[in-house]
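See below for the structure under consideration.
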Amino acid sequence: MEQPRIGVFICHCGKNIAGIVDVKKVAEEVAKLPGVVYVEDYVYMCSDPGQQKIIEAIKRENLNAVVVAACTPSLHYETFAKAVEAGGLSRYRYEMACIREHSSWVHFDKKKATEKAIRIIAAAVAKVSKNKVYEPITGKVVRKALVIGGGIAGMTAALDLANAGVPVILVEKSPTIGGKMAMLSETFPTLDCAQCILTPKMAEVARHPNIKIYTLSEVIDVEGCIGNYRVKILKHPRKVDPDLCRLCSFCERVCPVKVPNEFDRGLSMRKAIYIPFPQAVPSAYVVDSEHCTKCGLCLKVCPVNAINLEEKEEIIEEEVGAIIVATGYDLYPGERLKEYGYGIYQDVIDSLQFERLLSASGPTKGKILRPSDGKPVKRIVFIQCAGSRDENHLPYCSKICCMYTAKHALMFKEQVPDGEATIFYIDIRAAGKGYEEFVKRVQEEFQVNYIRGRVSKVYRDVNGDLVAIGVDTLSGQRITVRADLIVLALGIVPKLNPDLASKLKVPIDQYGFAQEVHPKLRPVEVATGGVFICGAVQGPKDISETVTQASAAAAKALELLGKEYIVREPLIAEVDRDLCNGCRICLTVCPYGAIEMIEGKAKVNELLCEGCGACNASCPVGAIQLRNYTDEQLHLVVKAVLRGVA
Amino acid sequence: MRVMGKLKLAIVYGAICGGCDVSLVNTGEKLADVLEKYDIVYWGAAIDGKADMLEKLDKIDVAIYMGTVRTESNLKYAKLIRDKADLVVAYGACAVYGGIPGLGALMEPEEIMKIVSSTVTTESKEEIDLPEELKLPRILPTCTSLVEILDPDVMAPGCPPGPISNDGLLKVLIDYAAGKKPEGKIIFGEEQSLCHECPRKPKDLSKIVMPGIYRLHEIKLEEGKCFLEQGILCMGPATRAACDMPCIKNNMPCIGCMGPAPGVDDVGLKYLSAIASILLVDKEKELLENGLARHLDKIVDPLGMFYRYTLPSSYITKLSIKRRKKRG
Amino acid sequence: MGYRFISIDPVTRVEGEVRAVIIIDENGEVKDAYYQTLEIRGFEAFCRGRAVEELPRITSAVCGVCSWAHHVASGKTLDVLFGREPSPTAKKLREIAYFMQIIDSHLLHFIVMALPDFALPNAPPELRNIAGLLREDPKVAVLFLKSRSIIKDIEEVFGGKPIHTAFVLPGGISRRFKEEDLEKVDKLTKELYDIIDYIVDYFNKKILKSEIFQKYLYDEAYMLKTYYMGIVGKSDTLNFYDGKLKIINSSGKEVARFDAMEYTKYIAEHMTNWAYSKFPYLKWLGWRGFNEEYLVRVGPLARLNVIDKIPSERAQEEYKYMIEVFGGKPIHNTMAYHWARIIETLHSIERMRDMLHEDDLLSNDILNLEGEPRYEGVGVIEAPRGTLIHHYRANEDLLATDVNIITPTTINNAAINAELKKVAKKILSDGAIDEASLNKLEMSIRAYDPCNSCATHYIDLGGKSLFSILIVDPNGRVLNKVELGSREVMIGCRR
Amino acid sequence: MMWEPRIVAFFCKWCAGSAADLAGVSRMQYPANIIPVIVPCTGRISPRAIIEAFINGADGVLVGGCHTPNDCHYMAGNFKAFKRVYLLKKMLKQFGIEPERLRIEWISATESQKLVRVTKEFVSQIRELGPLMGEGDGEA
């Protein structure tokens, strides 16, 4: 690098600095610093004339570096950066020395304040003398988004983006979009029917020109970074051409294979060629390749030859600028709660199964009948916190169970007014608009019997009745309740396979939920730039929260996809590939996954690095350095502030 | 009976363990060949001839120094070869970095004698007044390496130097005999750290997390698995590759006898920072300060671990000794 | 009255630099002899504060010639300190690996340090060495060089590094022994056996019978009637790795038998200001100066004196023959150390060869992590040069608080001094000084194969580097010096 | 002239650094012995740099960063700093250098009072320890 010709500009800030710091003395001392060829002081450097002085001096003295000693950079860094650039210098060849907030304003002792000011300036001079010039980093943004998960969260985000004119790829694992919400009967607290509000949205997604849906598909590989990701999507064969299928159902009728219907959570049977539910999107039959025996009967009866049992899976590649992860949740496996007899007694079911019983399109056409014998249910027991808030299962609260259980009880009572409904609960958590009122209504209007306490055991007695034994923790009494049907409000667990998470560099918390950058301030972003999260994959939440968060995620994605290029500070980490030994310590400490291994050595992804320098301090061989704050510079700065001491 | 035309080679000692001698002898025939071209004017362990031979010579061509510098006489020999020898070789970890005895760098003579003379079995003491000739040489206030006191031309690291250092040295000796004096300073070994060559790559190739700190006696080490990922301190990341990894192949972590890798100015400080950084990096927010401190406390002897062979060259050692002097 | 000082500095062909000083009084009588070791590294001091489990890889640097001895002794100390019994497999592999150390050191000493004296008695100094041997007796020299690389290879299989190895852990060893390791070692061991076979034969025919060896062997001056100490295995067989410590007196009577942990009851150390190295002595006798009947010797000869049997065929034969030659035990002839070394080498290779065929060497059970730490441990092993003692104490963090290391050369230190004086009396009383007579002095020292790096793990002499004879007055002030050839010599003295 | 402790304060620019700005804006007073070195994040501070300060005559080194667990602008740089400093203090002790000469504190952008308190405390603590290199050395 050429010999440093540093100009130092000392601001009086009226009396703010000059009143305490002996500016003349400072100017004298600073002039002696190595590399300093010009020193000027002025009453208000930030004023136009002040800035002019800098601009002129740069040209006149042909300075190649500038230090402005004034207030804190957070106030006027940009001001002087512009001036420096106007003078024809790169802003990266300029530093500010804060001698007001860090000296004149905090010390009365003029001598000491002056000496300290000199040291602070000396540090800036030392640093700037080694500063290099860098160009801002720009990266092209692909104006296209990938949404993973076709539930209410994914659909909402997809629609928001699509409506803003962004092309969206929506990837759904199952044969139809709609997610868990499609299984629900009514939704609390308003009790409007889930299908009625969901299916129009599904249709909208289906026909939206900006949305491309891949069902029966999963994301298997992700490359690239913010603004420009390349993803591989594995599309399993539907074996029925959605464009041809007319839903005539002939194929279904002739199909000899019967298997439990997962959409009804096993409460009904379906065929190997089937449609998950009438309003499924895409609106077409699908062949269950796992169970299909390829007998070929369906082929014979299909009037439009829509069926092709030989269809193979395919891999699709897409380029996107942003990725929204909305893979949702599952219920905690009830089998693990041995004491409740789930999976042993047919009449012990989970909340989603109960939703299906309640659903007009469900296996019982909405009638609440016992799965075991189809008899109507007179006595029903709901067990809340089944798995949740339990150290042995899920330590956390699943949040929505209190509300839907109240809803369940209400709907039971509406259908069986003379029936008895008992709810075992630990606490009632009804935080939300209209929630508390809803629960009160259930307790009072519908005389649902709320018992505070855990059920310790469920068994079938001699008369074939289910018996739930628990303790009422309020009265301290042991309680035994007989029931025809028992509903477990199973906890919520995230549905995000770790493999995909690590491909997306989405950090996962100890329970498997996606980890946001900041719980309060950046709730839909993750450490990896350009990847956003929403819905139950981030934590248990109800539909309204999910939708809110989905729109938030969409908005964040839009913020990114709205730009043609992303421009970023060039002051990031840089690897000396000759020195690097590929020990991976920097990869480990980097909070942004901004460092990757290329040919056995580290390489910084310029678009991801935020320039914190953690890698620099961790590298055992000093191979990775923070631009314009290298080890050499840091040591020079330390020497400078201590000049004349040791 | 020096054959004319042969070059003069001296092998002199500081405070040694003899391992360097053996390592050199172990090169067997190779050494014999090289020695065709040299006259060993001095080598305590292997040939007769007294130190005065060394002093009497006005010029030595090559001098190989083994051992660390702990006593006045170690120092005297060091200066002697610097004055007389054309090519000075620091051979072995002790000569290059201070080595194991370098761990005594912070101990002053009085302290050492106090401890040595108070071991459980030391029960009888006697002092006779001695003529000068029988007096013992003074112990230096610190223990240091040849490199710290003079500027050798060639450095052969290792405890003891392995094949790479030995082959390197023998080649230098042959070249020198052929009139080719090495240009600049030579240090034998790779321009890389051990991790670069180590077969024990981390499981997840995108990171290397220490799951805690375990001491050698606490766990059974898994063969083939990165030591750091087993919570074992391994000096690999900061240590020069020059050894063919005998310890690691023997399922023991590196303790850094080859000295700092290129780019490392102070091996202890750099390594400390690297280790602290990757320790439980995935659990920081769960464990918080106290939790992390508890794990860090299992590094009971950072000095002895991080500076096992390089204590005299540590910045903190120099600071601490300078301070001792100033404070008197 | 005045004294003359004769100083041989450094004594060569011993490990580490030392100085021998003979003091001759005005009547030309040898008044005193000092074998001074003058280097300090300070292991006892800087081992304090170290993580105790790291000591095997630190203390091995006490000596690079017998680094395995220190490494294994240190490991044994930790077994006790951690209260762990090493698994049978680990124990066997340690023992097998350790035979390598004995062979390594013994061969090195015999060929490089000792042989020149007997094979090339009249060669000039610069040829009285391995180089000279290459001319005189190429085969043995070449075989020796070959053996070096074989030994190196075997040591590498066990410890990765042949010197300052990484092998022993508290309660076991670092890695499982694999099929290919076993095959390799087995093959190399067979090769080594043949070489040793030749060297033993060479010794028996060429050296043992040689006039010069016989002369020294039976020379009164090279004979000390002392106590002897060493480890004895089951029914007093030769065992380097473990067993009880046994001490016999100069007439062969057993006077003590004890476990390592009890060593402080039997052994104490004397310290002087003229040598950094200490002088261990038998505690119940107390320190009685360099008075041979109170001294104790260790090492090859001492071991063969305390044991009754060598548990390997050919070595046992040689052993019987040796005793027969001297008409019984104990053997006091210092030069027999060389002979004993040869017999031990033979035993080691025989035993090693056999042990390699024992079962469960390949077991995965190589490390025992169970056991209650007792925070103190003593480990004793028979190093090539004799009994080696490591003794550590640790605090609750298992940091070393006390480290005491007594090496064989230290134990022999007093004997070496006593013998030096004896020999000096014999060859120097006439005052004639020449290189040859000085080498005779050194030979007595060399017989012990003193390892001063060892002995002086705390101190070692760089010392005065002139070989000189000086006249000093009673206050030790130098009166005069005279050149003789390359050396300063002064004969005569002044009242 | 009487000895004055010389203290280098590594402040991250987001928390401790801003707190120092705020202290200025609020015209709070603290000892001039403290000389700030502003770094992007405490995670950038290497033990080597801390020792460099001592070598060049610092009697004490203060590291100021964002509160754990969640305040760090770069997520967890403060934890890196904590672990390094904690271990370095341990090691300094072994070298016979008082670990108290090195101190790490979490000071949020709003905690100017804490900044003032900490700096005052630290200066007087170092005053008691005396000059790192002994009397008559490193006077202001």
Side-chain angles (χ1 to χ4, degrees), chain B residues 1 13 15-19 22-23 26 28-29 44-52 55-56 70-71 73-74 100-101 103-104 107 112 115-117 119-127 130-134 136-137 139 159-160 215-217 220 223 246-247 249-252 255 300-301 304, chain C residues 5 10 12 15 17 21 38-42 44-46 50-51 53 57-58 61 63-65 67 82 112 124-126 128-129 145 148-149 152 160-161 163-164 166 170 174-175 264 267-274 276 287 367 397 399 404 453 458 460 462-463 465-467 470 472 476 486:
Chain B
M1 228 84 22
Y13 301 146
I16 55 160
C17 74
V22 181
S23 183
N26 279 354
E29 292 86 343
I47 66 153
D48 282 4
K50 307 299 171 211
D52 60 318
E55 285 201 337
K56 288 280 190 306
R70 180 82 245 193
T71 64
S73 63
N74 300 151
I100 294 284
L103 285 169
M107 299 189 130
I112 292 172
I115 293 171
V116 165
S117 60
T119 60
V120 281
T121 43
T122 311
E123 297 188 354
S124 146
K125 296 200 186 71
E126 151 199 65
E127 300 238 329
L130 295 169
E132 274 313 307
E133 283 65 32
L134 267 68
L136 301 173
I139 304 165
C159 182
R215 292 170 64 176
L216 272 184
H217 60 273
K220 185 169 180 184
E223 286 196 49
C247 303
K249 286 173 184 165
N250 227 41
N251 203 25
M252 290 280 259
I255 46 178
V300 288
D301 176 25
Chain C
F5 286 82
T12 51
E15 306 285 345
E17 299 200 5
V21 176
L38 318 149
E39 174 186 317
I40 177 149
R41 286 179 291 162
E44 265 100 349
F46 66 67
R50 303 283 81 83
E53 74 275 13
R57 287 219 271 180
I58 294 176
C63 174
V65 179
S67 67
F82 281 96
V112 177
E126 55 277 359
R128 202 185 305 126
N129 55 39
L145 290 176
R148 297 299 311 164
S149 70
K152 191 166 119 292
K161 286 197 290 182
I163 303 161
H164 302 324
S174 67
R175 85 174 165 95
T264 52
I267 295 161
E269 290 180 288
H270 172 73
M271 207 174 171
T272 76
N273 60 331
W274 57 265
Y276 283 132
W287 173 250
L367 186 59
D397 293 331
L399 285 170
N404 189 31
S453 319
Y458 32 103
D460 157 37
S465 61
L466 277 181
F467 161 70
L470 306 161
V472 298
S486 73

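A note on names: the letters A, B, ... follow the listed sequences, proteins ahead of strands, and every chain is numbered from 1. Please read all numbers here as calculations on a predicted model, not as lab measurements.
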For the residue pair B:R215 and C:A51, what are the closest heavy atoms and their distance?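 Here B:R215 and C:A51 meet closest at NH2-CB, 3.7 Å.
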If you look at every heavy atom in C:S174 and B:N250, which pair is closest and at what distance?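 It is OG-O, 2.7 Å.
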Part of [X] within contact of chain B (heavy atom distance under 4.5 Å):
| X | value |
| --- | --- |
| C:K161 | both |
| C:I163 | both |
| C:T272 | both |

Would you give the length of the straight line joining atom [atom1] of [X] to atom [atom2] of [Y], rounded to the nearest 0.5 angstrom?
| X | Y | atom1 | atom2 | result |
| --- | --- | --- | --- | --- |
| C:F46 | B:I100 | CZ | CD1 | 7.0 Å |
| C:N404 | B:T121 | CG | OG1 | 3.5 Å |
| B:T122 | C:E44 | OG1 | CD | 7.5 Å |
| B:T119 | C:E269 | OG1 | CD | 5.0 Å |

In terms of heavy-atom proximity below 4.5 Å to chain C, should B:E126 be classed as side chain, backbone, both, or neither?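 B:E126 touches chain C through backbone and side-chain heavy atoms alike.
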Looking at chain C, which one of [options] has the largest number of heavy-atom pairs inside 4.5 Å, strictly under?
| options | result |
| --- | --- |
| B:G304, B:S124, B:G19 | B:S124 |
| B:H217, B:E127, B:M252 | B:H217 |
| B:K249, B:R70, B:K220 | B:K220 |
| B:S23, B:P160, B:S117 | B:P160 |

